[in-house]
Amino acid sequence: MIGVKRKYIEAAYTLLKRDGLEGVSTRKVADEIGCSSAALYRHFPDIEKLTTIASVRFLRDYISNARILSKVELNPLELNLQLWECLAYYSFRNADVFENLFFGDTAGARYAEAVAEYFEQYPEDLEGLKDFMLDMVRNATIAERDAILLNRAAEMG
């Protein structure tokens, strides 16, 4: 059975996908689930936190592609370029969400918290990822994620 927090995340994700960042509100999430606005605050401190966690759901397709790319025999620099191309593809499809997730108020520590909370609810999204890919997904900044692949390239010569 789907957990209550996961229902809220799915509802916020649906609104983000349909209406963008500006279309998500406590009232709309509650209406989507069929509960009161106050009920949301039992699980999330504010709508921004829920929106940030739901935004991580947009990484699902990227992670799926990253999982496939990590199994292909590519040198680390080529893998880095392929992953950047993949991220760019998904980022431009939902530019406002990705901009907020990686560069807005939700970047940095809030991103790391949101990622941890999201994958607590959706551990299946991480299945089959290699260790370095797990580190990339969990790191808070693009520079940190890029450094993981560049360090791996340096180690491999």
Side-chain angles (χ1 to χ4, degrees), residues 2-33 35-67 69-70 79-80 82-152:
I2 188 169
V4 175
K5 284 183 100 168
R6 197 162 161 156
K7 285 181 183 178
Y8 283 109
I9 294 167
E10 287 296 320
Y13 171 73
T14 298
L15 290 168
L16 281 166
K17 214 172 157 174
R18 186 179 66 217
D19 304 329
L21 281 172
E22 300 301 317
V24 180
S25 69
T26 304
R27 165 63 35 217
K28 288 180 181 179
V29 171
D31 288 348
E32 192 80 21
I33 295 175
C35 67
S36 72
S37 296
L40 181 140
Y41 296 109
R42 282 188 238 144
H43 304 283
F44 301 94
D46 52 48
I47 191 65
E48 288 78 20
K49 176 83 178 221
L50 173 58
T51 302
T52 303
I53 295 167
S55 294
V56 176
R57 169 70 173 76
F58 283 87
L59 292 172
R60 185 179 277 176
D61 292 332
Y62 167 75
I63 291 170
S64 178
N65 283 284
R67 184 180 297 111
L69 284 170
S70 72
L79 177 60
N80 194 5
Q82 291 292 321
L83 288 169
W84 271 110
E85 187 176 312
C86 185
L87 183 62
Y89 173 78
Y90 292 110
S91 295
F92 285 110
R93 291 179 75 196
N94 298 288
D96 63 335
V97 172
F98 277 82
E99 180 182 4
N100 188 51
L101 191 60
F102 292 124
F103 303 109
D105 293 337
T106 62
R110 283 195 71 164
Y111 172 86
E113 289 173 20
V115 164
E117 199 159 337
Y118 175 84
F119 290 118
E120 184 178 299
Q121 297 298 314
Y122 296 88
E124 67 274 12
D125 285 3
L126 295 176
E127 290 176 5
L129 280 181
K130 292 186 177 184
D131 288 343
F132 72 93
M133 291 285 194
L134 288 169
D135 291 341
M136 284 179 53
V137 170
R138 290 180 178 138
N139 271 288
T141 69
I142 288 177
E144 289 170 337
R145 289 187 290 276
D146 204 34
I148 290 167
L149 284 175
L150 293 176
N151 288 333
R152 190 167 175 266

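Computation of the quantities below employed the complete heavy-atom set of this structure, encompassing side-chain atoms and omitting hydrogens, waters and symmetry-equivalent molecules.
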*Asks:* Under 3.5 Å, which donor-acceptor pairs do the side chains of residues 84-94 form with other protein atoms, sequence neighbours left out?
*Replies:*
{"residue": "Trp84", "atom": "NE1", "partner": "Asn80", "partner atom": "OD1", "Å": "3.2"}
{"residue": "Trp84", "atom": "NE1", "partner": "Asp146", "partner atom": "OD1", "Å": "3.0"}
{"residue": "Tyr90", "atom": "OH", "partner": "Asn65", "partner atom": "ND2", "Å": "2.6"}
{"residue": "Ser91", "atom": "OG", "partner": "Leu87", "partner atom": "O", "Å": "2.7"}

*Asks:* Taking side chain to side chain contact (heavy atoms under 4.5 Å, CB included) as the definition, give me every residue that meets it alongside Ala39, ordered by chain and number, with sequence neighbours left out.
*Replies:* Tyr8, Cys35, Ser36, Arg42
*Asks:* Please answer whether the main-chain N or O of Arg60 pairs with a side-chain N or O of Ser64 as donor and acceptor at a distance below 3.5 Å.
*Replies:* no
*Asks:* About how many Å separate NZ of Lys5 and CD of Gln121, when rounded to the nearest 0.5 Å?
*Replies:* 5.5 Å
*Asks:* Please work out whether the ring planes of Phe98 and Phe102 are parallel, tilted or perpendicular, with thresholds of 30° and 60°.
*Replies:* tilted
*Asks:* Assess whether side chain to side chain contact (heavy atoms under 4.5 Å, CB included) is satisfied between Leu21 and Leu16, documenting all intermediate values.
*Replies:* CA-CA 6 Å; Leu21 281 172; Leu16 281 166; 3.6 Å; yes
*Asks:* Would Lys7 and Glu32 count as a side chain to side chain contact (heavy atoms under 4.5 Å, CB included) if you check the C-alpha gap in whole Å, the side-chain angles of each, and the deciding distance to 0.1 Å?
*Replies:* CA-CA 9 Å; Lys7 285 181 183 178; Glu32 192 80 21; over 6 Å; no
*Asks:* For Glu124, check salt bridge (charged side-chain N to carboxylate O under 4.0 Å, His left out) against everything at least two apart and list the hits.
*Replies:* Arg6
*Asks:* Check the pair Leu126, Arg138 against side chain to side chain contact (heavy atoms under 4.5 Å, CB included), reporting the backbone distance first and the verdict last.
*Replies:* CA-CA 10 Å; Leu126 295 176; Arg138 290 180 178 138; 3.6 Å; yes
*Asks:* Glu127 vs Arg67, test: salt bridge (charged side-chain N to carboxylate O under 4.0 Å, His left out). Steps then yes/no.
*Replies:* CA-CA 9 Å; Glu127 290 176 5; Arg67 184 180 297 111; over 6 Å; no
*Asks:* The criterion is side chain to side chain contact (heavy atoms under 4.5 Å, CB included); which residues satisfy it with Phe132, sequence neighbours excluded?
*Replies:* Ser70, Leu79, Lys130, Met136, Ile148, Leu149, Arg152
*Asks:* Do any N or O atoms from the side chain of Asn151 and from the backbone of Ala147 form a donor-acceptor pair under 3.5 angstrom?
*Replies:* yes
*Asks:* Atom CG in Leu69, atom OH in Tyr62: separation rounded to 0.5 Å?
*Replies:* 8.5 Å
*Asks:* Under the side chain to side chain contact (heavy atoms under 4.5 Å, CB included) rule, collect the residues that match up with Ser25, sequence neighbours excluded.
*Replies:* Arg27, Lys28
*Asks:* Spell out, as yes or no, whether a donor-acceptor pair under 3.5 Å connects the side chain of Asp96 to the backbone of Gly20.
*Replies:* no
*Asks:* Any idea which heavy atoms bring Thr52 and Ala114 closest together, and the distance?
*Replies:* CG2-CB, 3.4 Å
*Asks:* Not counting sequence neighbours, which residues clear ring pair (Phe, Tyr, Trp, His ring centres under 6.0 Å) with Phe119? List them please.
*Replies:* none
*Asks:* Within the 3.5 Å criterion, strictly below it, is a donor on Ser55 or Tyr13 matched to an acceptor on the partner's side chain?
*Replies:* no
*Asks:* Could you give the distance from CD1 (Ile33) to CG (Leu40), rounded to the nearest 0.5 Å?
*Replies:* 7.0 Å
*Asks:* Give me the atom names and distance for the closest heavy-atom approach of Ala12 to Leu50.
*Replies:* CB-CG, 3.8 Å
*Asks:* Search all heavy atoms of Ala54 against all heavy atoms of Ile9 and return the closest pair with its distance.
*Replies:* CB-O, 3.7 Å
*Asks:* Is Glu117 salt-bridged to Lys49, cutoff N-O under 4.0 Å?
*Replies:* yes
*Asks:* Atom OG1 of Thr51 and atom CG of Asn100: how far apart are they, to the nearest 0.5 Å?
*Replies:* 8.5 Å
*Asks:* What's the verdict on side chain to side chain contact (heavy atoms under 4.5 Å, CB included) for Leu83 and Met133, showing C-alpha distance, side-chain angles and the deciding distance?
*Replies:* CA-CA 10 Å; Leu83 288 169; Met133 291 285 194; 3.6 Å; yes
*Asks:* Is Tyr122 close to Glu10 at the side-chain level, that is, under 4.5 Å between some pair of heavy atoms?
*Replies:* yes
*Asks:* Are Glu113 and Tyr118 linked by a side-chain donor-acceptor pair shorter than 3.5 Å?
*Replies:* no
